[in-house]
Amino acid sequence: MTATTSTPAPRTVLHTPVIEWFEEHARDLPWRRPEAGPWGVMVSEFMLQQTPVNRVLPVYEQWLARWPRPADLAAETPGEAVRAWGRLGYPRRALRLHAAASAIKERHGGDVPRDHAKLLALPGVGEYTASAVASFAYGQRHPVLDTNVRRVFARAVTGTQYPPTATTAAERHLARALLPEDPQSAARWAAATMELGALICTARSPDCGSCPVAEQCAWRLAGSPAHEGPARRGQTYAGTDRQVRGKLLAVLREAHDPVPQSQLDAVWHDPVQRARALDGLVSDGLVEPLAGGMYRLPH
DNA sequence: TAATCGTGGCA
DNA sequence: TTGCCAAGATT
């Protein structure tokens, strides 16, 4: 077989335009700057889980200024982490980031581990975050499959408007097959495909006119067919336990002393749901019950 | 596998 | 206004 007759791997067609686009259009985000370091990268990845960049930015800056190293955070109470988390949402992430910092201090001498398996073993670190930290902080070669990359691959390569609901083995194989050989290029590719999904190949209204691979996008070449099958399950919020948990925790975040039960009772009318939400927060470790019906963030 | 877990901006 | 969506992890 000769080079001229063999079919080029998809990555040889997509790499260059996507990475060149990234070189020119990448946002200057604080966790991408060299001074962020592995800890900055890890903090950003926790905060960015299901949370938009613009909401993360100010909290990230305050967090790193207050706790510049994992050991600094580990020296605090978990409640302070929950308080500093503010309104980012999913406050269990704050608890897990605090626990991860403690594990880094205890098991890794205070340094964010480089090894993917050791990253994966940290609280709150799943497959995506382990790969992202190893890739972005340490320049390693790992497939990084977040919601942006999955959407870009679904469109550009597979030819569908949206990826499957849950990540499939086929998607992982594809991500692996598209990964550049050398680690530095692989890390750049990961960041570039994420950025393309975040800025151009967006979920609702992709800006195909600005896309560096529009001419070879399988979805466009197929006529941009609409998504088949049922719409994604809506995440109703009003009236749910989640909303009640959020209101309860907001009271405790604002208070710097233990709060009496009566003050928590004021946030929701239904006592059954209120109690269930509070119990859930306690069992999650987000709220600490004290004697005499008092509550506070965990110490 | 599917449900759960916050919050707020935008179409 | 309502529903969709946002750099997932855990159980």
Side-chain angles (χ1 to χ4, degrees), chain A residues 22 26-27 29-32 36 40-60 82 85-97 99-100 119-137 142-153 161-169 171 175 187 190-199 201-206 227 230-253 267 276-277 279-281 283-287:
Chain A
F22 182 63
R27 291 168 290 181
L29 300 171
W31 44 86
R32 286 179 177 164
V41 172
M42 173 167 278
V43 170
S44 77
E45 292 302 338
F46 270 77
M47 291 183 174
L48 287 164
Q49 290 168 5
Q50 300 287 285
T51 306
V53 165
N54 287 336
R55 203 175 310 164
V56 165
L57 284 169
V59 183
Y60 171 87
V82 173
W85 198 254
R87 308 185 67 80
L88 282 183
Y90 293 144
R92 289 186 295 188
R93 293 182 294 166
L95 232 40
R96 290 172 183 152
L97 181 52
L119 288 166
L120 196 54
L122 296 172
V125 176
E127 178 58 39
Y128 162 77
T129 300
S131 296
V133 172
S135 182
F136 302 147
H142 295 280
V144 178
L145 262 188
D146 80 321
T147 185
N148 290 303
V149 178
R150 295 181 63 218
R151 189 172 56 250
V152 168
F153 288 174
Q161 187 178 18
Y162 297 115
T165 306
T167 305
T168 63
E171 288 182 275
T193 47
M194 284 178 65
E195 192 79 336
L196 187 64
L199 298 184
C201 194
T202 59
R204 294 193 206 183
S205 54
H227 177 66
R232 217 191 280 192
R233 281 205 66 214
Q235 32 178 334
T236 53
Y237 182 67
T240 62
D241 286 5
R242 276 158 103 160
Q243 186 183 20
V244 184
R245 285 167 57 106
K247 287 179 175 296
L248 290 170
L249 206 56
V251 171
L252 294 169
R253 275 199 311 264
V267 308
R276 187 172 62 227
D279 284 349
L281 288 171
S283 62
D284 285 347
L286 284 163
V287 171

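What's counted below: heavy atoms across the whole structure, side chains too, no hydrogens, waters or symmetry copies. Residue numbering restarts at 1 for every chain, and letters A, B, ... go by the order of the sequence lines.
Relative to the side chain of A:Pro91, the nucleotides B:dG6, C:dT10, C:dA7 differ in distance, and B:dG6 lies closest.
At a threshold of 4.0 angstrom between heavy atoms, the contacts of A:Arg151 are confined to the sugar-phosphate backbone, with no base atom among them. Residue contacts shown for A:Phe46 are absent, as no nucleic acid heavy atom lies under 4.0 Å away. Heavy atoms of A:Gly126 sit under 4.0 angstrom from primed sugar atoms or phosphate atoms, though from no base atom. Contact annotation for A:Leu29: base contact, defined as any heavy-atom pair under 4.0 Å involving a base atom. Among the protein residues, A:Val144 comes within range of no part of the nucleic acid, since none of its heavy atoms lies under 4.0 Å from any strand.
One finds no side-chain N or O of A:Ser205 lying less than 4.0 angstrom from the OP1 or OP2 phosphate oxygen of B:dA11. Checking the phosphate oxygens (OP1, OP2) of B:dT7, a side-chain nitrogen or oxygen of A:Tyr237 falls inside 4.0 Å. Between A:Arg87 and B:dG8, a side-chain N or O to OP1/OP2 separation shorter than 4.0 Å is present.
Atoms CG (A:Leu199) and P (C:dA6) sit 13 Å apart, rounded to a whole Å. Summarising the geometry, the separation between CE on A:Met42 and C1' on C:dA9 is reported as 13 Å, rounded to the nearest angstrom. Following rounding to the nearest Å, A:Arg92 (CZ) and C:dT10 (P) show an atom-to-atom distance of 10 Å. Remark: C1' of C:dA7 and OH of A:Tyr60 are 13 Å apart, rounded to the nearest angstrom.
Here the rule is side-chain contact (heavy atoms from CB on, under 4.5 Å) with A:Phe136, and of A:Met42, A:Met194, A:Arg32, A:His142 only A:Met194 fits it.
Listed by residue number, A:Arg245, A:Gly246, A:Arg253 are the residues of residues 243-253 of chain A with a heavy-atom contact under 4.0 Å to DNA chain B. Contacts between residues 49-56 of chain A and DNA chain C, counted as heavy-atom distances below 4.0 Å, involve A:Gln49, A:Gln50, A:Pro52.
Side-chain contact between A:Val43 and A:Trp31 is absent, with no heavy-atom pair separated by less than 4.5 Å.
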